[in-house]
Amino acid sequence: MSFSSRRPRQNLSAWAGVVPFLVFCLVFEIVPVVLLLLGSFTDKAGAFSLSNYQKISTPIYVRSFWNSIQLSGITAILGAIFGLLIGYAIFNLPSPRLREALLALSDVTTNFAGAPLAFAFIVILGSSGVVTLAFEQYLGLKLYPTFSIYSYSGLILAYLYFQLPLMILLIIPAFAGLRREWWESAHNLGANSWQYWRRIGLPILTPSLIAGVVLLFANAFGAYATAWTLGGSNITLVTIQIAFTVTGEVLHDPGAGDAMAMVSLLIMGVCIAIYQVANSRARRWAK
Amino acid sequence: MKKQNSIFSLVLIGIFVLYMIIPIIATYMFSIATKWDVSILPEGYTLDWYQTAFDHPYFSITLTNSFIVSFSAVLAGLFFIVPTTYWVHTRVPSAKPLLDLLMILPFGIPAVVLALALIRVYNFQPVARSPFLLISGCVIFSMPFMYRPVSNSLMAIDVHTLTESALNLGANTFQILVRVIAPNIMPGILSGALLVFATVFAEFTLANLITGASFKTFPLLLVEFTKRDGRVAAALSVISFTVAWIASLAILWVSGRGHKPTEEVVAAH
């Protein structure tokens, strides 16, 4: 504030430099989303109406929300638990080179989402996939038809492929925040390692863990390409339903698509807000 | 006790590594296998599937389209996001919270929702379903990947002293940005550009919904083949993976050693 009262003119002209970018964001992001929001509250004649929201309270749409929330929740929690364990194992590796290599692997693989990833899982776990065959020939286990890569259990495996490395990348900086001296002091005061983790380690990691879980949840909730390539229309997820209203599938009402999009934005918004709060708490410990 | 712990750790890491590389190695092998559905290893090797992919009329079209969209997003990042970030850092620090917020928003908007919003609003010619609309959507969706590394690099160097010294020597803003600031934040700019390139190149959702069949990109062709011919789909996946590998390795290389790229990827997420 002080700066605008001191040099009002210069500041105003400096703001002018940001205008093109703001206009771009308005034109291609903010205004379309706001208009979508307004549109979701109007009926076909343009009058205010909640009919679109009534439409999405029918079983098929409720089920797609439930499926999306379940899939995102399961992969976020499994990703967080295993990401924490594997992240800790990587963090404690004696060889810095190996540590770097594993971090680089996580960097690359977390970006391998979408169609190529989905196809890679069909190659290994499809009905005649490599891993499917290996299980059958060497372990005598028939994966099909109990398991199918084209079903929800398959989707969980495919989603974990990009969730796990993301969690590892998120949690490793948090381990760096756990000072050696804390463990030493706790140990000198007679704490065993369980007590150390229960009273010191985990409480310090908690904000990072929460940040990780919500980010993973949002990451899975917004995903589309992987699920679409694997399951196509057999899988009812929110993103797939919204896409149907765009591609003009007969059964799907555009109004319902707008309402679903808004509910998704709300869910994503809550995730991002929790992430921001948890992340700023986590930063207090990070060096 | 300690030993057991480290064995447990190594087993965990081993399983993780297998989980991460088996799908990729299997896809590479599947793309060069003659027949591979009864035994653990392929029965023979061939490059026929690549030949079929290359000969497909849409192969070069979709590859070109994907390069057009990815390079446009990179150019928009270089000539639009980078100068704006620099400007906000040096001239309008009061706009930084707004810029940070705008750069987080794309993560809160699922690609399907962005596509739906853009299609609804721009339903008139010549913008409707045009490559231009697709590129604009891709710029929105990928701008945080450019912003984060550049913003971090700007914070790591003394932008104010550099800017003031250059001003005192008579340089104008354009000269300062191109000849003084850009060389100092080059690793940030390069990793941002590569991240933007890699994410936009692999982008499926916006392309499928906004332009669809009228301007097919490479991932669209790949998805089409997963339903038609798995062998060719494998060859196309390998090409896609290879582009992602090259971009990622280049990011690690330009960012130098240490954990910097990791932090950037995390921050960008």
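Quick caveat, the model's predicted, so the values are computed rather than measured. Lettering follows sequence order; numbering is per chain, from 1.
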Checklist entry - Can you say whether A:Ala218 sits under 4.5 Å from chain B via the side chain, the backbone, both, or neither, judging by heavy atoms? => result neither
Checklist entry - In terms of heavy-atom pairs under 4.5 Å, which option from A:Thr132, A:Asn279, A:Val238, A:Thr109 contacts chain B the most? => result A:Thr109
Next on the checklist: Which residues pass the salt bridge (charged side-chain N to carboxylate O under 4.0 Å, His left out) test with B:Arg120, not counting sequence neighbours?
Outcome noted: A:Asp258
Checklist entry - Of the backbone (N, CA, C, O) and the side chain (C-beta and beyond), which part of A:Ile240 lies under 4.5 Å from a heavy atom of chain B, both, or neither? => result neither
Checklist entry - Between B:Ile140, B:Asn208, B:Leu12, which residue shows the highest count of heavy-atom pairs closer than 4.5 Å to chain A? => result B:Ile140
Checklist entry - Based on non-hydrogen pairs under 4.5 Å, which of B:Ala111, B:Pro110, B:Ala117 is most in contact with chain A? => result B:Ala117
Checklist entry - Relative to chain B, which segment of A:Leu105 carries a heavy atom at a distance below 4.5 Å: side chain, backbone, both, or neither? => result side chain
Checklist entry - Side chains of A:Ser280 and A:Tyr275: is there a donor and an acceptor less than 3.5 Å apart? => result no
Checklist entry - Can B:Val243 and B:Phe197 be said to form a side chain to side chain contact (heavy atoms under 4.5 Å, CB included), step by step? => result CA-CA 10 Å; B:Val243 170; B:Phe197 182 84; 3.9 Å; yes
Checklist outcome for this item: Residue from A:Leu22, A:Leu37, A:Val27 scoring the most non-hydrogen pairs under 4.5 Å with chain B is A:Val27
Checklist entry - Top residue by heavy-atom pair count (under 4.5 Å) with chain A, among B:Leu105, B:Thr199, B:Val88? => result B:Leu105
Item to check | Side-chain donor or acceptor of A:Thr110 paired with backbone N/O of A:Asp107 under 3.5 Å | outcome: no
Checklist entry - Do you know which of B:Leu99, B:Leu10, B:Leu222 has the most heavy-atom pairs under 4.5 Å to chain A? => result B:Leu222
Checklist entry - Heavy-atom distance under 4.5 Å to chain B: side chain of A:Pro20, backbone, both or neither? => result both
Item to check | B:Phe204 vs B:Thr217, side chain to side chain contact (heavy atoms under 4.5 Å, CB included): CA-CA, chis, key distance, verdict | outcome: CA-CA 8 Å; B:Phe204 171 76; B:Thr217 59; over 6 Å; no
Checklist entry - Non-hydrogen atoms of chain B under 4.5 Å away: do they reach the side chain of A:Ile86, the backbone, both or neither? => result both
Checklist entry - Measuring heavy-atom distances to chain B, does A:Ile267 have an atom under 4.5 Å in its side chain, in its backbone, in both, or in neither? => result neither
Checklist outcome for this item: Max heavy-atom pairs within cutoff under 4.5 Å with chain A, candidates B:Leu114, B:Ile210, B:Leu209, B:Val223, goes to B:Leu209
Checklist entry - Which bit of B:Leu98 comes within less than 4.5 Å of chain A, counting heavy atoms only: side chain, backbone, both or neither? => result side chain
Item to check | Modelled atom types, side-chain donor and acceptor of B:Ser237 and B:Tyr28, under 3.5 Å | outcome: no
Item to check | Inter-residue atom distance A:Ile90.CD1 - A:Leu102.CG, 0.5 Å rounding | outcome: 4.5 Å
Checklist entry - Mind checking whether A:Tyr159 and A:Phe162 have ring centres under 6.0 Å apart? => result yes
Next on the checklist: Quick check on A:Val34 against chain B: is it the side chain, the backbone, both or neither that has a heavy atom closer than 4.5 Å?
Outcome noted: neither
Checklist entry - Taking the six-membered ring of A:Trp228 as reference, does the NZ or CZ atom of B:Lys227 fall below 6.0 Å from its centre and within a 45° cone about the axis? => result yes
Item to check | Best-contacting candidate, A:Pro116, A:Gly222, A:Ala89, against chain B by heavy atom pairs under 4.5 angstrom | outcome: A:Pro116
Next on the checklist: What verdict does the side chain to side chain contact (heavy atoms under 4.5 Å, CB included) test give for A:Leu265 and A:Leu36, after you've listed the backbone C-alpha separation in whole Å, the side-chain angles of each residue and the deciding distance to 0.1 Å?
Outcome noted: CA-CA 11 Å; A:Leu265 277 187; A:Leu36 195 65; 5.9 Å; no
Item to check | Working for side chain to side chain contact (heavy atoms under 4.5 Å, CB included), residues B:Met143 and B:Val196 | outcome: CA-CA 7 Å; B:Met143 64 190 188; B:Val196 168; over 6 Å; no
Item to check | Segment of A:Leu35 engaging chain B (4.5 angstrom heavy-atom cut-off) | outcome: side chain
Item to check | Part of A:Glu136 lying under 4.5 Å from any heavy atom of chain B | outcome: neither
Checklist entry - So, for B:Tyr122 and A:Pro32, which heavy atoms are closest and what is the spacing to 0.1 Å? => result CE1-CG, 4.2 Å
Item to check | Leading residue by heavy atom contact count with chain B [cutoff under 4.5 Å; candidates A:Ala225, A:Pro94, A:Gly126, A:Ser264] | outcome: A:Ala225
Checklist entry - Heavy-atom distance under 4.5 Å to chain A: side chain of B:Ala115, backbone, both or neither? => result neither
Checklist entry - What part of A:Ile30 is in contact with chain B, defined as an atom under 4.5 angstrom from a non-hydrogen atom: side chain, backbone, both or neither? => result side chain
Checklist entry - Can you tell me how far CG of B:Leu133 sits from CD1 of B:Ile119, rounded to the nearest 0.5 angstrom? => result 7.5 Å
Item to check | A:Ile122 versus chain B, the contacting section by heavy-atom distance below 4.5 Å | outcome: neither
Next on the checklist: Shorter than 4.5 Å, heavy atoms on both sides: which option in A:Asn92, A:Leu117, A:Leu160 has the most such pairs with chain B?
Outcome noted: A:Leu160
Item to check | Residue pairs fulfilling ring-ring contact (aromatic ring centres under 6.0 Å, His included) with at least one residue in residues 220-240 of chain B, sequence neighbours excluded | outcome: B:His56-B:Phe225
Checklist entry - Do you know which of B:Thr226, B:Thr90, B:Leu249 has the most heavy-atom pairs with chain A at a distance under 4.5 angstrom? => result B:Thr226
